[in-house]
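Step one of this worksheet: look at the structure below.
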Amino acid sequence: MSNTTVTLPPSLDLPPHLSAQKYFFVCTLTVLAWDALVLTPRSYKLGRLPKWPALKFMYYFMQFWVLADFVVTGVMFFSTTVIQDTDCVAFWPYEPICTAVLLAVASAVHVMRISAIYDHVQNVRATMWGLYALQIVVTAICCGFYRSVHLEDGQGCIAGPLNNASWVGIYWLAPTLLYATSFVFAALRSIKTLETRRVSYWRLMLRDGLNLYGAILLVNLVNVLFYFIMTPTGPTDPIKTIVTSMAAVLTTTMSMRIILSVRGDLANGGTFSISSHAASSSGANTHSLSGSGTRPRGGGNHTFTLGDMRDATVAVAGRKEGGEWDADKSSVTPREETKAVLPIIGEDIDSGIPRARTGLGVQITVDQQVEYDDGFPTRK
């Protein structure tokens, strides 16, 4: 019997790290496709809003640019007909430059949002914009130190650091510093709200989107570690760039979700959830169904029926259940659809000026004697 050796084509005979990167890139494209489908309804609702503040514009820019970046990159990476010395040499600047633009827009979202939740305090704004300027300069310089990884013909095109130099990883270190700072600022601002109202840490995280900031920071930290720790086996080993595609896609999609989670108007970076409810929550938790025990026959105050009390009870229960979270919807909810529980308004007996009733809980006055000389009481 003779032994037959089968020679695989270069497109199938892949080194281990290159094969792993192709599998990981497939996972990245899957996440990108799924996220695009999931966010389509919310993108449609956001587009229906009449205004176009900066955050809304950046949302749609990222939604388009991330597809233009990684769909084209994926086609070149999985192509079996590209030639390294011609096609890949001409294509390599596309990926680092497009990714740098994508990171710049995503980081601008963080800068604007963090500045907004701190009411545009000067030191916070200066810190965030300083890190943003550093990122722009560093990524622009590092784009010139990427080259096409010289694979075999048929194995696709991919860009990597020149001579696998680890220092080129500052391309990702600069935005990671910004994302770490934004996560710390967002967490400190959220924790400070516990002094006003105690909620569970889990609900606090979901309410203020700390999971989004944390996910962005985590994936970028892993990517930076790959750049500075992993040792390639040779000049054509792409191990340093294995996580870059997933880091860029998750950074973009999570930043888009940060925009969608903004409560209220998107102008000037939106508002913080607690500050937008401070005025309403103080009066919404206390409802008074009637005034004093002495009710004049003329009906100066409102007369409440059992239906009124039932409606008020449902409103108070809904307010307690939803808390400040439900009073102001996210940016994709039109203003006319936003519902908040307002205090019951009565009239001052003396002046007739509308005022919000005060007191703790629900105060109910039961009249022992009801006079019907003026007719049956009606709901007003």
Side-chain angles (χ1 to χ4, degrees), residues 10-35 66-80 82 84 88 91-103 106 135 138-139 142-143 145-177 179-180 214-255:
S11 59
L12 298 178
D13 188 17
L14 302 176
H17 291 163
L18 179 60
S19 179
Q21 183 158 5
K22 285 183 177 288
Y23 277 113
F24 206 71
F25 201 94
V26 171
C27 296
T28 300
L29 294 179
T30 303
V31 171
L32 181 59
W34 171 255
D35 204 77
V66 69
L67 294 174
D69 185 356
F70 288 98
V71 170
V72 175
T73 301
V75 169
M76 296 298 292
F77 189 30
F78 290 100
S79 175
T80 59
V82 294
Q84 293 292 324
C88 295
F91 176 75
W92 74 262
Y94 181 86
E95 182 181 359
I97 292 177
C98 286
T99 304
V101 174
L102 193 63
L103 292 176
Q135 172 187 329
V138 169
T139 52
C142 288
C143 282
F145 292 91
Y146 276 85
R147 292 293 184 273
S148 175
V149 179
H150 193 72
L151 307 174
E152 295 185 22
D153 292 340
Q155 292 183 344
C157 298
I158 185 174
L162 180 63
N163 299 323
N164 267 328
S166 296
W167 70 266
V168 184
I170 60 175
Y171 175 99
W172 288 96
L173 180 61
T176 302
L177 290 176
Y179 300 140
I216 292 172
L217 175 59
L218 179 61
V219 70
N220 280 276
L221 280 176
V222 173
N223 188 30
V224 169
L225 291 178
F226 265 76
Y227 262 89
F228 288 99
I229 294 179
M230 291 298 182
T231 303
T233 58
T236 61
D237 187 359
I239 189 172
K240 289 183 178 293
T241 58
I242 284 181
V243 193
T244 55
S245 58
M246 184 64 77
V249 168
L250 285 183
T251 298
T252 303
T253 57
M254 295 298 106
S255 298

Under a 4.5 Å cut-off applied to non-hydrogen side-chain atoms, are L102 and F70 in contact?
-> yes
Going from CD on E95 to SG on C143, what distance comes out if it is rounded to the nearest 0.5 angstrom?
-> 10.5 Å
Check whether any side-chain heavy atom of P15 lies under 4.5 Å from a side-chain heavy atom of L18, and answer yes or no.
-> yes
Taking the side chain as C-beta and beyond, is there a heavy-atom pair between I242 and F25 under 4.5 Å?
-> no
Taking K240 for the side chain and G169 for the main chain, is one N or O donor matched with an acceptor at less than 3.5 Å?
-> no
Would Y171 and Y146 count as a close aromatic pair, with their ring centres under 6.0 Å?
-> yes
Evaluate whether atom OH of Y23 has more than 12 neighbouring non-hydrogen atoms of other residues, nucleotides or ligands under 6.0 angstrom away.
-> no
Under 4.5 Å between any side-chain heavy atoms of I216 and L250, yes or no?
-> no
Any chance you could measure F226, atom CZ, to S166, atom OG, to the nearest 0.5 Å?
-> 13.0 Å
Would the F145 and W167 ring centres measure less than 6.0 Å apart?
-> yes
Do side-chain atoms of D35 reach the backbone of V31 as a donor and acceptor pair under 3.5 angstrom?
-> no
How close do A159 and V149 get, heavy atom to heavy atom, and via which atoms?
-> C-CG2, 4.0 Å
